[in-house]
Amino acid sequence: MRVGAPSRAERSIGRPLSRQPFEKLSVFVIFVPMDELNSRQREAVVSTEGRIRVVAGAGTGKTKALTHRYAYLVNTLGIDPANILCLTFTNKAAAEMRQRIASMVHSGDYNDFVCTIHGFCVKFLRKEIYRIGFPKGFTVLDEEDCKALAKDTMDEMGIKRTEKTVKQFLDAIGSEKALNGYIETYMLPGCVVTDMQRKTSRLAGYVSRQMKHFALDFDDLVNLTKYILDRFQEARDWWQNALNYIMVDEAQDCNLDDWDLIERLAARHRNLFVVGDPDQSIYEWRGARPDLFVHFASDRDIILDENYRSTPKILDIANCVISNNKNRIPKDLFTRRAEGRAVIHFHGKTEKEEMEWVVRQIRILLDAGARVNDIAVLYRSGWQSRAIEQELLSAKLEYTIWGGTRFFERREIKDALSYLRLIAHPEDDLSFERIINVPSRKLGRVWQDQLRRLALQDDKPLYPTLRDHLDELGKEGAVAFVTLIEEAREYAAGHRISDLLTRVLDRSGLKKAIREDQDEDRLENLDELLSSIRFYETARAEDEVTLSDYLQDIALYTNDDHRKEAPTLKLMTIHQAKGLEFPFVFIIGLSEGIFPNMRSVREYKKNGEEEERRLMYVAITRAEKALFLTESEGYNLSTKMNKYPSRFLAEIKREMLVTEGVVPEDLWRGTRNLIHVLDEEMDPTRPLMPASGDPFAADRAAYNSPFQVGDTVCHAVFGEGCIRAANKEFTTFEVEFRDGSVRSIRSPFLSRPDLPE
C-alpha cells in the first residue's frame, strides 16, 4: 500500500480508503479527526507496512500516535483486532492504551493483545503449553512467591541468608536460566531431579520446587514461549501468520530476550512498529538494551521531536545535557510554547541552606497560586530525601514519598534509632522488641514469650527484666545484647551521639549484616543518618547536646501525623518519576559522585555515565513550566569526599541558567579533576595522572593519607612505581611499577622515596 502524507480520504481515522465496498458498514464507523496530530505523528499513523522505527522524544505524544495508529489499522484498513499485537512495559500503560483505543474504535474492536510482553506470553502459553506437558492452568509466580521458593531452596542448601540475600539468589537464578538449557534438563516430562542435585545446584533446587506446582516465574514465561516457537513449527506458523501487525512501546527498554521474541513473532509479515527514545533508557542495569533500538534495521525512521510539555528554556537545558551522549539517535526537542521562566541553578554553602532555599521557592510558588500537587522534588537516590523531608516538616508542608518510604520510616533507620532510644530509655519496650533479635541473635518467639511472662510477673519493662534475670534467660545472644546496651550507656555519657551510633552499628552487627547482604541503598541510608546527626551536633556546638535532646527533636520528624488523603507535593527518585510530569520540578543534590552516581560510573564505565546522563535528561523533561537545579558544598559521607558541582551542571551553557549563590572557581576545578580521575579509571590504556596539583586534598585529609594520585612510591618487593588511582577511603592504591605491572597495594606497604623512613 502507499505510505506517506495522508490523502483527503485518510484525514479522518475511520474513513475507508475506498468508500464503495464498505457503504453498508459505514454506520458502525467512528470518525476521529487526523488533524489533531502533527505531520510527524500522522506519518507514523499511516506508515503501516514494513519495519518502522519511531524515535519519540519526551512529551512528544507517542502514546497518541500509537493509539491512533491502532485505530487507523482497524477503522480505515479493516484489520481484524485479533491480528494486531500492541506491547508495552507496564500494566498501567497497557490499561491507558486500551482505554484510549476504546474511545476511537467500535465497541469490541480491540482485544487482549494490547498488553505487556509477559501478559502476551501468558496468553500464548495458555494456548500452547500443552505441547511440553504442562497443564493450561499453570500458576504464575509473583515476587513474593519467588522469594518464598528461594528461601526454601536456600535453607535446603544450607545457604545463610546473611551471606546471600534472597534478591541476589533470585538474580543468580535469572542469570542461570538465561544461559542454561534448564527447560530440557528440569522442566520437560520425564526430567528427574535427584536429592543431591537439589542440595548442590540452586537452579535444580529452585526449578524442582516450581515443578511441584507447575508454577512459572517471569523469566520462564518468555523462555518457554521462545522454546515452543523454536521447536514446534505448527505453533510458530500459527502465531506468525496471525500477528499481521506488531507494535512495541518503550522499545528502548527491551532486553535481549524481549527483542528475540518480538523478531520471531514478526518474521513472516515484517510489519514491526517500534517506538522509543534511547535518551530515556534508564534501566540498562536491569537488562535493557537501548543499543538494539539505536541499531534497529528499519525501512523507515520517523522522529517525533515536537514537545507539548515543557517550555523552550527547559528543553534547551535538556538538549544541551543529552547531546554529550554517544549511544543515541540525534534529535533536538522543540516546542511552540512561550519562552517561560528562566531555569534557576542554586548553589548553597551547606546542604541545609540548599534545602531552605528549596522550601522558600515552594512557598513562593504556592503564594503565587500554584497547587501543592503541581510541585515535585526529584533526587538520584532514596537516601537524599532525608534533608528535604526534615526541612518540609519544619515548614509544616505536606509531602508524599512517591513509590517509596519516608526516610525515618525505613527499616534500617528505625532499627538504628531504636538502639539509641533503648540506650537513653531502657524502659522503652517498643524499641526493645524491635531490636532484640535484629540482627539475629537466635532469640526467637518462645524465648521472648518467656521474657514477657517474667516482665508481667515483676511488673517491669522488658529490658530491665532481662537484665535482672540474665542467669535464667541467659542465652549467648541475650548476654551479648545486655553487654552491648550497658557498655553503650556508659560510652554515651562522655561521647558524641554520632560516635555512639557508629559504635553501636558496628558492635551490634547491624551494619555488618546489611553489608553482607550487599544492600548499598540501606548502607547509604545509615550513612545519611550519621551525616544528619553530625550536622545536628555542629549546629548546636555552643550548647550541650544530649542523646535525649536529639531523640526528642527527631521524634518531631518521625511523627507520622500527616493527612495521607490531602493533596501534597511529591518527593521521588528520578526512576520513579519516569512517565510523570509536573508544572514545577526541583532536582536537588546535583553533586558529582551523587548525581551522576559514582558507583554506577565506576561499575559500568562509559555505559554507566551515559545512563546517568539519561536519568538527568528524564528528570529535566518532567518539568512543564519551571525547573530548579540545586547543589551545595560540604562533605558527603556516602561518597566519602567533599562535594563538587555535578558534571551535568558543567555541561549546561552558562547563559542558559540564572545562578543564585556564588560557585567558587575551585569547585568547578574540583569537578573537572574528578571527571578526569574517573575517565582515567574507565580507560584501560590511560596514562599516569600528573603529580602536579591535588584537587582532593580535603578528602585525603579526612583519612590522614600521606599519598595522593600521581605520587612516586616505593614497595619492598616490587620497587618504585607511580600511584594511578585510590579507593574512596585512600587506604588502597593502584600502583604502576617500573616493569609495567599494576597492583593494588594497601597504604602501610608503601613509602615515599622523598621522605625519611
Side-chain angles (χ1 to χ4, degrees), residues 1-6 10 13 17 32 34 37-57 60-90 93-94 96-98 100-101 104-105 109-117 119-120 239-254 258-278 280-281 289-290 292-305 329 331:
M1 65 166 286
R2 180 183 58 80
V3 293
E10 295 170 328
I13 290 181
L17 292 174
V32 181
M34 285 283 269
L37 306 174
N38 65 37
S39 60
R40 297 277 180 86
Q41 290 170 329
R42 285 198 297 272
E43 183 184 357
V45 167
V46 301
S47 298
T48 60
E49 308 307 298
R51 295 167 63 87
I52 311 298
R53 177 174 61 179
V54 177
V55 184
T60 58
K62 70 177 177 64
T63 304
K64 178 184 283 190
L66 270 164
T67 53
H68 279 62
R69 187 177 191 268
Y70 190 108
Y72 181 82
L73 288 169
V74 173
N75 291 352
T76 301
L77 301 188
I79 304 299
D80 190 322
N83 299 118
I84 304 171
L85 174 62
C86 185
L87 298 173
T88 187
F89 270 79
T90 66
E96 181 187 350
M97 206 169 287
R98 283 195 296 269
R100 291 203 197 185
I101 290 169
M104 290 188 287
V105 299
D109 276 356
Y110 66 98
N111 62 18
D112 286 344
F113 286 167
V114 180
C115 57
T116 65
I117 290 176
F120 167 77
W239 285 94
Q240 288 181 344
N241 186 59
L243 299 177
N244 294 184
Y245 295 90
I246 298 176
M247 297 192 284
V248 184
D249 187 21
E250 302 285 9
Q252 80 279 350
D253 290 332
C254 287
D258 297 333
W259 278 108
D260 193 18
L261 174 59
I262 290 163
E263 291 284 9
R264 291 180 204 208
L265 293 172
R268 174 163 299 180
H269 295 288
R270 292 191 76 256
N271 294 325
L272 179 55
F273 182 84
V274 296
V275 183
D277 183 8
Q280 295 186 79
S281 180
R289 292 287 302 273
L292 296 179
F293 182 85
V294 171
H295 300 297
F296 178 77
S298 62
D299 298 325
R300 173 183 289 191
D301 284 332
I302 301 166
I303 294 181
L304 303 184
D305 52 6
I329 299 168
K331 69 177 185 306

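Numbering starts at 1 and runs along the sequence shown.
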What pairs with [X] under side chain to side chain donor-acceptor pair (under 3.5 Å), at least two apart in sequence or on another chain?
{"X": "Asn241", "value": "none"}
{"X": "Thr88", "value": "Asp249"}
{"X": "Asp301", "value": "Arg53, Ser298"}
{"X": "Trp239", "value": "Glu128"}

[X] side, atom [atom1]; [Y] side, atom [atom2] - distance, nearest 0.5 Å:
{"X": "Lys64", "Y": "Met97", "atom1": "NZ", "atom2": "CE", "answer": "14.0 Å"}
{"X": "Met104", "Y": "Asn75", "atom1": "CE", "atom2": "CG", "answer": "8.5 Å"}
{"X": "Tyr70", "Y": "Phe113", "atom1": "OH", "atom2": "CZ", "answer": "9.5 Å"}

**Report entry** Any side-chain heavy-atom pair of Lys62 and Val54 under 4.5 Å
**Finding:**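 Not touching, per the 4.5 Å side-chain cut-off.
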Query raised in the report: Is the closest side-chain heavy-atom distance between Arg100 and His68 below 4.5 Å?
Result: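 No, too far: nothing below the 4.5 Å cut-off.
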So, does [X] use its side chain to make a donor-acceptor pair with the main chain of [Y] at under 3.5 Å?
{"X": "Arg69", "Y": "Ser47", "value": "yes"}
{"X": "Asp299", "Y": "Arg51", "value": "yes"}
{"X": "Arg40", "Y": "Leu304", "value": "no"}
{"X": "Glu96", "Y": "Ala93", "value": "no"}
{"X": "Asn38", "Y": "Thr60", "value": "no"}

So, using salt bridge (Lys or Arg N to Asp or Glu O under 4.0 Å) as the criterion, who are the partners of [X] when residues are at least two apart?
{"X": "Asp260", "answer": "Lys226, Arg264"}
{"X": "Lys331", "answer": "Asp277, Asp279"}
{"X": "Arg268", "answer": "Asp237"}

Provide the closest heavy-atom pair for [X] versus [Y] in the form atom of the first, atom of the second, distance.
{"X": "Gln280", "Y": "Gly57", "answer": "NE2-C, 3.8 Å"}
{"X": "Arg98", "Y": "Val114", "answer": "NH1-O, 2.6 Å"}
{"X": "Leu243", "Y": "His269", "answer": "O-CD2, 3.4 Å"}
{"X": "Leu37", "Y": "Arg42", "answer": "O-NH1, 2.6 Å"}
{"X": "Cys115", "Y": "Ala94", "answer": "CA-CB, 4.0 Å"}
{"X": "Pro81", "Y": "Val74", "answer": "CG-CG2, 4.1 Å"}

Requested in this report: Could you list the residues that satisfy ring pair (Phe, Tyr, Trp, His ring centres under 6.0 Å) with Phe89, not counting sequence neighbours?
Outcome: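 Ring pair (Phe, Tyr, Trp, His ring centres under 6.0 Å) check on Phe89 returns nothing, list empty.
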Requested in this report: Test side-chain contact (heavy atoms from CB on, under 4.5 Å) on Asp253 and Phe293 and set out the steps.
Outcome: CA-CA 9 Å; Asp253 290 332; Phe293 182 85; over 6 Å; no
Query raised in the report: Can you list the steps and then say if Phe296 with Ile329 is a side-chain contact (heavy atoms from CB on, under 4.5 Å)?
Result: CA-CA 11 Å; Phe296 178 77; Ile329 299 168; over 6 Å; no
Query raised in the report: Can you name the side chain to side chain contact (heavy atoms under 4.5 Å, CB included) partners of Ile79, sequence neighbours left out?
Result: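 Ile79 satisfies side chain to side chain contact (heavy atoms under 4.5 Å, CB included) with Leu73, Leu77, Asn83, Ile84, Tyr245 only.
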**Report entry** Arg289: partners by side chain to side chain contact (heavy atoms under 4.5 Å, CB included), with sequence neighbours left out
**Finding:**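 For Arg289 the side chain to side chain contact (heavy atoms under 4.5 Å, CB included) partners, ignoring immediate neighbours, are Leu256, Asp291, Leu292.
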Report task. Could you give me the CA-CA distance, side-chain angles and deciding distance for Ile246 and Phe120, then say whether side-chain contact (heavy atoms from CB on, under 4.5 Å) is met? Result -> CA-CA 12 Å; Ile246 298 176; Phe120 167 77; over 6 Å; no
Query raised in the report: Ile302 and side-chain contact (heavy atoms from CB on, under 4.5 Å): which partner among Val45, Val55, Val275, Ile52?
Result: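 Single side-chain contact (heavy atoms from CB on, under 4.5 Å) partner of Ile302 among Val45, Val55, Val275, Ile52: Ile52.
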Report task. Kindly determine whether Asn271 and Thr48 satisfy side-chain contact (heavy atoms from CB on, under 4.5 Å), including the steps that lead there. Result -> CA-CA 7 Å; Asn271 294 325; Thr48 60; over 6 Å; no
**Report entry** Side chains of Gln252 and Glu250, donor plus acceptor under 3.5 Å
**Finding:** yes
